[in-house]
There are 2 protein chains.
Amino acid sequence: FQKNKVMCLQSKYMLNSLVNKFMALPVTDLDDLIKNPNDTATKMELMIMETQSKVCKAIESLEAEGQKFEVDKWNKESGTGGGVTCVLQDGKVFEKAGVNVSVVHGSLTEGAEKQMRARGRDFKRFDDGSLPFIAMGVSSVIHPTNPHVPTIHFNFRYFEVTGADKKKTWWFGGGTDLTPMYLDQNDVKHFHTELKKACDKHDVQYYPKFKKWCDEYFTIPIRGERRGVGGIFFDDIEGPDEESALAFVTSCAEAIIPCYVPIVVKNKNKSFTSEQKQWQQLRRGRYVEFNLIYDRGTKFGFQTPGARIESILMSLPLTARWQYMHTPKLGSAENELLDVLKSPREWV
Amino acid sequence: FQKNKVMCLQSKYMLNSLVNKFMALPVTDLDDLIKNPNDTATKMELMIMETQSKVCKAIESLEAEGQKFEVDKWNKESGTGGGVTCVLQDGKVFEKAGVNVSVVHGSLTEGAEKQMRARGRDFKRFDDGSLPFIAMGVSSVIHPTNPHVPTIHFNFRYFEVTGADKKKTWWFGGGTDLTPMYLDQNDVKHFHTELKKACDKHDVQYYPKFKKWCDEYFTIPIRGERRGVGGIFFDDIEGPDEESALAFVTSCAEAIIPCYVPIVVKNKNKSFTSEQKQWQQLRRGRYVEFNLIYDRGTKFGFQTPGARIESILMSLPLTARWQYMHTPKLGSAENELLDVLKSPREWV
């Protein structure tokens with residue numbers, strides 16, 4: 001994959017033909033991308049644009065009546081980056097599906113620097129006080145209409161800081177997790193198996209470690225529940241080297257379609273009752289709680305001046321419900337799901 | 001009002017007849033209440049129980065098909081207080097109405113003490129390290145079914161800390177605010193006029209000050225909007241003396257029914273379109289955003305170990321909606337509301 005990208009970049013013609021398949025032009029000018037074909041930032045930007053495009057096309061191909069993604073290419077006012085937000089809303093199969101790419105350049109605030117130092121990183125500011133960074137990522141939440149089809153979320157991100165001493169500090173983060181409203185153990189096993197395969201290609205310690213991290217991260221403490229049945233979650237991936245780390249994240253991104261699409265195909269035409277739809281809405285309420293109260297990326301967005309709020313809150317479901325003291329009956333399918341949300345299991 | 005309460009408390013028989021009108025027994029044992037008839041804590045607990053009961057009965061009287069509040073009396077596990085949560089759900093006139101009373105005793109954590117000291121208060125801990133407090137309040141959110149009927153929220157609370165030097169530090173907080181989905185200027189004027197009347201009885205500087213505070217408090221910074229058309233909001237009311245402060249808060253509580261019920265009666269049978277219902281759902285999404293991201297009381301609840309989460313999140317609407325890039329047309333009724341949410345007005 002990486003090699004192909006570098007080859008493509010050797011000619012503007014080849015780059016153009018790659019970019020033509022994207023939902024929109026990359027955030028960074030093609031002229032700038034072609035100048036730095038070997039930079040991890042260049043490769044990552046092309047990877048996240050390609051992931052966005054592949055996922056959007058897969059989702060569109062599952063839609064029954066030709067619903068398409070709306071594509072918004074936006075720039076931050078100050079000219080320090082931008083993004084491409086794709087949303088399909090009120091579809092027949094998908095109630096709301098969003099896939100967002102953003103690429104932001106800037107100078108680290110002292111607050112952000114402090115947080116990064118607390119995680120063991122060290123930087124040297126320039127004489128003018130600046131500390132340049134690049135942050136980029138693709139993130140997506142797909143909320144299907146049918147309560148028998150789970151919601152999926154994924155995010156892959158890259159961060160790079162260049163100090164006055166020319167030292168480049170970089171790391172990747174990301175993950176993928178599934179939120180079913182009804183538990184189909186085979187679907188969950190399939191999902192985790194595909195993620196494990198993607199991890200195992202790079203390091204057999206990755207899956208168990210990142211599966212556990214995912215169960216911990218997607219916790220709603222006020223409910224004593226996980227948001228869903230997990231998947232993988234990782235941060236601070238800064239080794240063994242840039243190329244290997246990017247290759248790992250790329251494998252994870254390439255696993256999205258095989259881990260999710262078969263589950264959608266299997267369940268999207270199942271019949272459901274209004275009670276099942278209502279349960280889905282209640283679970284979506286929990287999704288909103290997690291995203292607004294706990295999710296680090298969302299909270300970071302809220303605190304970022306000039307952030308594009310519609311792109312951040314694209315992750316919220318079209319509809320949600322909060323019902324006082326809703327308690328599923330013992331032995332019900334709804335309660336079976338709750339059991340797993342309260343005590344995460346091993347699936348592979 | 002205060003005098004009556006004291007008289008009532010002079011006999012257990014009289015107290016019982018007062019309490020019989022409540023939705024449930026007060027949190028504090030009647031025997032303990034009757035022992036301390038002149039304590040502000042006793043008077044406040046009876047006031048908030050009475051407010052809960054009056055509001056619940058007013059709401060029930062507006063319901064078309066006899067829907068009633070579900071009443072949950074609960075105790076904190078550690079025996080340090082409890083509450084009475086009343087919720088009416090899926091009514092014909094009200095989609096979800098909740099009125100919650102809680103009375104909690106405990107010892108201030110160092111974190112809470114630090115926050116209070118930062119607001120200029122001073123305490124002396126007991127030799128065993130404890131610093132006893134009482135916190136109590138009534139809070140309510142009423143979400144009607146019809147998009148032409150606004151949502152109302154109110155909250156009245158009392159805090160008391162007793163130090164080792166026997167010094168009692170106390171203060172009141174509270175407020176009432178209105179969240180219409182469509183702007184009816186007469187309704188908003190009526191609402192603010194009733195609140196102003198309640199304030200003016202005690203201090204003519206209260207209304208302008210607390211109206212402004214309300215506009216500031218109920219802001220959703222990520223949206224550049226207020227949650228609604230405001231009302232009054234106040235905190236740290238610690239003068240001129242306990243009795244006067246309680247009398248002011250009592251006047252505010254007594255204003256709830258006259259400021260809100262006429263608006264419900266006027267609008268509850270108006271016809272509405274599915275587009276208007278959808279707009280209501282979108283506005284409810286914003287309500288959820290404010291409550292989960294910004295509301296101090298909600299956030300405090302999230303951080304309180306052993307807090308009853310169902311009573312805290314009773315404030316959330318039964319249903320809500322998030323639609324990517326929803327923008328009302330210029331000149332539409334929806335846009336007229338947005339104008340006010342972006343630039344608060346004077347109503348009285």
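Chain A is the first sequence line, chain B the second, and so forth, proteins listed ahead of strands; every chain is numbered from 1.
With sequence neighbours left out, B:Arg226 forms a side-chain hydrogen bond (donor to acceptor under 3.5 Å, both in side chains) with no residue at all. Taking the side-chain hydrogen bond (donor to acceptor under 3.5 Å, both in side chains) definition, one finds that B:Asp177 meets it with B:His153, B:Arg227, sequence neighbours left out.
Enclosure of atom NZ in B:Lys57 by more than 12 non-hydrogen atoms of other residues, nucleotides or ligands within 6.0 angstrom is indicated.
In this structure, chain B has no heavy atom under 4.5 Å from any part of A:Arg284.
The CG atom of B:Leu313 lies 5.5 Å from the CD atom of A:Glu289; values are rounded to the nearest 0.5 Å. A distance of 3.5 Å separates CZ in B:Phe302 from CD1 in A:Ile293, rounded to the nearest 0.5 Å. Taken from CG in A:Leu318 to CD in B:Gln278, the straight-line distance is 7.5 Å, to the nearest 0.5 Å. Here the CG atom belonging to A:Leu292 is positioned 10.5 Å from the CG atom belonging to B:Asn291, to the nearest 0.5 angstrom.
Between the side chain of B:Gln89 and the main chain of A:Tyr324, a donor-acceptor pair closer than 3.5 Å is present.
Ranked by heavy-atom pairs under 4.5 Å with chain A, the list B:His326, B:Arg223, B:Gln323 is led by B:Gln323. Among the candidates A:Gln281, A:Glu310, A:Lys299, the residue making the largest number of heavy-atom pairs closer than 4.5 Å to chain B is A:Glu310. For the set B:Met325, B:Gln303, B:Met314, the count of heavy-atom pairs under 4.5 angstrom toward chain A peaks at B:Met325. The most heavy-atom pairs under 4.5 Å with chain A, out of B:Thr298, B:Thr85, B:Ile312, come from B:Thr85.
Across every non-hydrogen atom of B:Trp322 and A:Pro317, the tightest pair is CB-O, 3.4 Å.
Chain B is approached within less than 4.5 Å, heavy atom to heavy atom, by A:Lys96 from residues 95-106 of chain A, ordered by number.
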Side chains of residues 330-337 of chain A: which donor-acceptor pairs under 3.5 Å do they make with residues two or more places apart or in other chains?
| from | atom 1 | to | atom 2 | distance (Å) |
| --- | --- | --- | --- | --- |
| A:Ser332 | OG | A:Lys329 | O | 2.6 |
| A:Ser332 | OG | A:Asn335 | N | 3.1 |
| A:Glu334 | OE2 | A:Tyr182 | OH | 2.5 |

